[in-house]
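So you know, we letter chains A, B, ... as the sequences are listed, proteins then strands, and number each from 1. Basis for what follows: all heavy atoms, side chains included, without hydrogens, waters or symmetry-related copies. In this text, all values refer to a predicted model and were calculated from it rather than measured experimentally.
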Amino acid sequence: MALYQQQTIKIYNSLSGKKEEFEPIHEGYVGMYVCGPTVYSNVHLGNVRTFMSFDVVNRYLKHLGYKVRYVRNITDAGHLENDADEGEDRIAKKARLEAIEPMEVVQRYTVDFHNILNSFNFLPPSIEPTATGHIIEQIEIIKCILDNGLAYEVNGSVYFDVLKYNNKKTYGILSKRNVEDLIHNTRQLDGQSDKKNPQDFALWKKAEPQHIMRWPSPWSDGFPGWHLECTAMSTKYLGEHFDIHGGGMDLKFPHHECEIAQAEACNNESPVNYWMHANMLIMNGKKMAKSTGNFILPNEIFTGDNPHISKAYLPSVARFFMLQAHYRSILDFTDDGLQAAEKGFFRLKDAINDIDDLKTSSASTFDVNAWRQRCFDAMNDDFNTPILIAQLFEAVKIINQIKDGSATVTADDLNILKTTMTEFTFDILGLSNTAKESSSSDKLSGVVEILINLRKEARQNKDFALSDKIRDELIEVGIQLQDGKDGTSFTTN
RNA sequence: GGCGUCUUGGCCGAGUGGCUAGGCAAAGGUCUGCAAAACCUUGUACAGCGGUUCGAAUCCGCUAGACGCCUCCA
């Protein structure tokens, strides 16, 4: 029996505003689409947090035995910097500024994106389609919407008719806005527009002569509107109706709202069963923004080369830090928070690495199966990683108690304990057991054992100056000795 | 201006109508040659003001503050 048959997941659905029991359309299979980055600059930490949230969702669903088709796109087509009819697209702008081809911009930052995600130990999506690779599919959807009378062409551009759509369906169903409010509150944009109404959005834009990224279409040489690619690619790879759609909270309106409208306009059905939105990452209490300097690149965390942090942190420490908050909460990124996370993470990791050395007994002083289920319960409750981490620390305490002799465990229970800890910490949360990898070197272990023995002799001879020197100098290189009842062990960080 | 979210102990950060979240930090103790690590003990928090209720930090209203979206944005 698959694990998913024993566990019931509840997902907070942005569409209904409630936690709902998760039932995939096809038993055992999950289709999930997550809006990926626009590759016109380095991926920043806020992006990483959103994608990390869905990396954990992906990992957990897989762990439960679901066959997950996880589609995360790369936006490499030039979208305009604003929704007015004028303006330069961001990729072209970057290309001009750096004097390179637009596709060089795309390549450079796609590679950066993958590098950063790899360093954070992300699992790759099943399919990572690009917008420029799906121009034909996007054109087909525009034709479909035109055929259904919910879009109109003006001067080679095609716009979605929001008011007309709203007569039949509800525009604003996801973001809980009503069209009347939108009409009253739409800001006046400079420049004359071809749109019938300001809240209409582009499906296809005719390219200005200087616009480099352009494709032929029935309406003009131009480029697709900025909401269309996700509808095209999610439909192509997951079907007209699929299970989960995710993205950052800031995409809820207008991007996801427009996706729903496009899909409904073409296929006449709601495309997604569960909408999930990850909340924003802020830094030192304020929005991250390049313009104010309140900003950090993921790589700078690993090197410590940023004025907002006091030292370098391992990717897993940053990952642990972010997973200590629930994905639907705003998270404040601070150096203090990272330091606390670092200590906590090392304590967790050290305890897991101690499991193999624990002694077993004829009885257990705790209920390992009940604890294991509490770990599942935490994740089942809308992927509540902070609660899961709290449960993992309950186990840390037990492991240390067993080590101390104030708790006992049977061999069978120890096996369950170890499996559960490993699965949840490394497979589901996606943390890395980095120290174990470096300390598992037989040569290093051998050398440290020699020093431990030398120190032991020194201590027996009451030569504490020497024994402390060995201990302190090992700490300098990141090796900490731990004197226990059964001799001295060591950990590396 | 409109819409929406949030405000928890020294810090971070969960959660719930009545039962210990957890991490970090702090204090005392055990262990130790001394430390470190670990373990044990200690905090009676939920912005303010009203209301509903047998009972609310958890539900409702108002006030204050923070944030997000409304324009590209994870």
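In this structure, CD of Q391(A) is placed 11 Å from P of G23(B), rounded to the nearest angstrom. For M280(A) and C70(B), the CE to P distance is 11 Å, given to the nearest whole Å. Computed from coordinates, the D350(A) CG to A37(B) C1' distance equals 9 Å when rounded to whole Å. In this structure, the CG atom of L117(A) is 13 Å from the P atom of A74(B), given to the nearest Å. Across the protein-nucleic acid pair, Y313(A) atom OH and C24(B) atom C1' stand 12 Å apart, rounded to whole Å. Between the CG atom of D250(A) and the C1' atom of C67(B) there is a distance of 13 Å, rounded to whole Å. What separates NZ of K456(A) from P of U32(B) is a distance of 16 Å, to the nearest Å. Between the P atom of A25(B) and the CD atom of Q339(A) lies a distance of 10 Å, rounded to the nearest Å.
Across every strand in view, A45(B) sits unpaired, with no contact that passes the Watson-Crick or G-U test at under 3.5 angstrom. The partner of C59(B), taking Watson-Crick or G-U wobble pairs whose two distances both stay under 3.5 Å, is G51(B). If you check C39(B) for Watson-Crick or wobble pairing at under 3.5 angstrom, you find it paired to G29(B). Look at U20(B): it lacks any Watson-Crick or wobble partner with both distances under 3.5 angstrom. Using Watson-Crick or G-U wobble geometry with both donor-acceptor distances under 3.5 Å, C34(B) finds no partner in any strand shown. A 3.5 Å limit on both hydrogen-bonding distances identifies C3(B) as the Watson-Crick or G-U partner of G68(B).
Between N384(A) and A14(B) there is no side-chain polar atom (N or O) within less than 4.0 angstrom of OP1 or OP2. Residue Q324(A) places none of its side-chain N or O atoms closer than 4.0 Å to OP1 or OP2 of C24(B). Close to C24(B), at under 4.0 Å from its OP1 or OP2, lies a side-chain N or O of R347(A). Within the structure, every side-chain polar atom (N or O) of K397(A) is placed at least 4.0 Å from both OP1 and OP2 of C39(B). For A38(B), the OP1/OP2 oxygens have no side-chain nitrogen or oxygen of N400(A) closer than 4.0 Å.
Across A36(B) and U30(B), the matching P atoms stand 14 Å from one another, rounded to whole Å. Annotation: G61(B) and A25(B) have their P atoms spaced 41 Å apart (nearest Å). If you take atom P in A45(B) and the same atom in G10(B), they sit 10 Å apart, rounded to whole Å. Nucleotides G17(B) and U53(B) place their C1' atoms 9 Å apart, quoted to the nearest Å. Spacing of C1' atoms, C46(B) relative to U7(B), comes out at 10 Å, to the nearest Å. Going from the C1' atom of C12(B) to that of G50(B) covers 32 Å, rounded to whole Å. Taking atom C1' in both A56(B) and G48(B), one finds a spacing of 16 Å when rounded to whole Å. A gap of 14 Å separates the P atoms of G55(B) and G18(B), to the nearest Å.
Here the nucleotide nearest the side chain of W226(A), chosen from A21(B), C72(B), A74(B), is C72(B). Minimum atom distance to the side chain of R177(A) is reached by G2(B), of the listed G2(B), C34(B), C72(B). For R455(A), the listed nucleotide lying nearest its side chain is G33(B); candidates were G33(B), A38(B), G23(B). Nearest nucleotide to the side chain of I387(A), out of A74(B), G33(B), A14(B): A14(B).
In summary, K10(A) and E21(A) do not engage in a salt bridge, as defined by a charged side-chain N under 4.0 Å from a carboxylate O.
Classification of the F160(A)-F201(A) ring pair by plane angle, with boundaries at 30° and 60°, yields parallel. Using cut-offs of 30° and 60° on the angle between ring planes, the pair F122(A) and F120(A) is perpendicular. Note: H256(A) and W275(A) have tilted aromatic rings, judged against thresholds of 30 and 60 degrees for the angle between ring planes. The aromatic rings of Y60(A) and F383(A) lie perpendicular to each other, with more than 60° between the two planes, well past the 30° mark. Ring orientation note: the planes of H227(A) and H255(A) are tilted relative to one another, at an angle of 30° to 60°. The aromatic rings of F320(A) and F393(A) stand perpendicular to each other, their planes meeting at an angle above 60°, with 30° marking the opposite boundary.
Base contact: F464(A) has a heavy atom under 4.0 Å from a base atom. Within 4.0 Å (heavy atoms only), H44(A) reaches at least one base atom of the nucleic acid. Using a 4.0 Å heavy-atom cutoff across all strands shown, G46(A) reaches at least one base atom of the nucleic acid. S329(A) comes within 4.0 angstrom of the backbone, heavy atoms only, and of no base. If you check every strand for non-hydrogen atoms under 4.0 Å, K403(A) touches nothing. Note on D472(A): nothing from the nucleic acid sits closer than 4.0 angstrom, heavy atoms only. At the heavy-atom level, Q482(A) lies under 4.0 Å from base atoms of the strands shown. Using a 4.0 Å heavy-atom cutoff across all strands shown, L331(A) reaches sugar-phosphate atoms only and no base atom.
T231(A) and E259(A) share no donor-acceptor pair across their side chains, judged by distance under 3.5 Å alone. Remark: the Q373(A) side chain and the D377(A) side chain contain an N/O donor-acceptor pair separated by less than 3.5 Å.
For R471(A) against A35(B), a side-chain-to-base donor-acceptor contact under 3.5 Å is present. D463(A) contributes no side-chain N or O that forms a donor-acceptor pair with the base of G33(B) under 3.5 Å. One donor-acceptor pair, N or O on each side, does fall under 3.5 Å between the base of A35(B) and the side chain of D483(A).
Using a 5.5 Å limit on the distance between ring centres and a 30° limit on the angle between planes, the aromatic ring of F51(A) does not count as stacked on the six-membered base ring of A74(B).
Nearest-nucleotide positions on RNA chain B place R328(A) closer to the 5' end than the other of D404(A) and R328(A). Each of A325(A) and P386(A) was matched to the nucleotide of RNA chain B holding its nearest heavy atom; the match closer to the 5' end belongs to A325(A).
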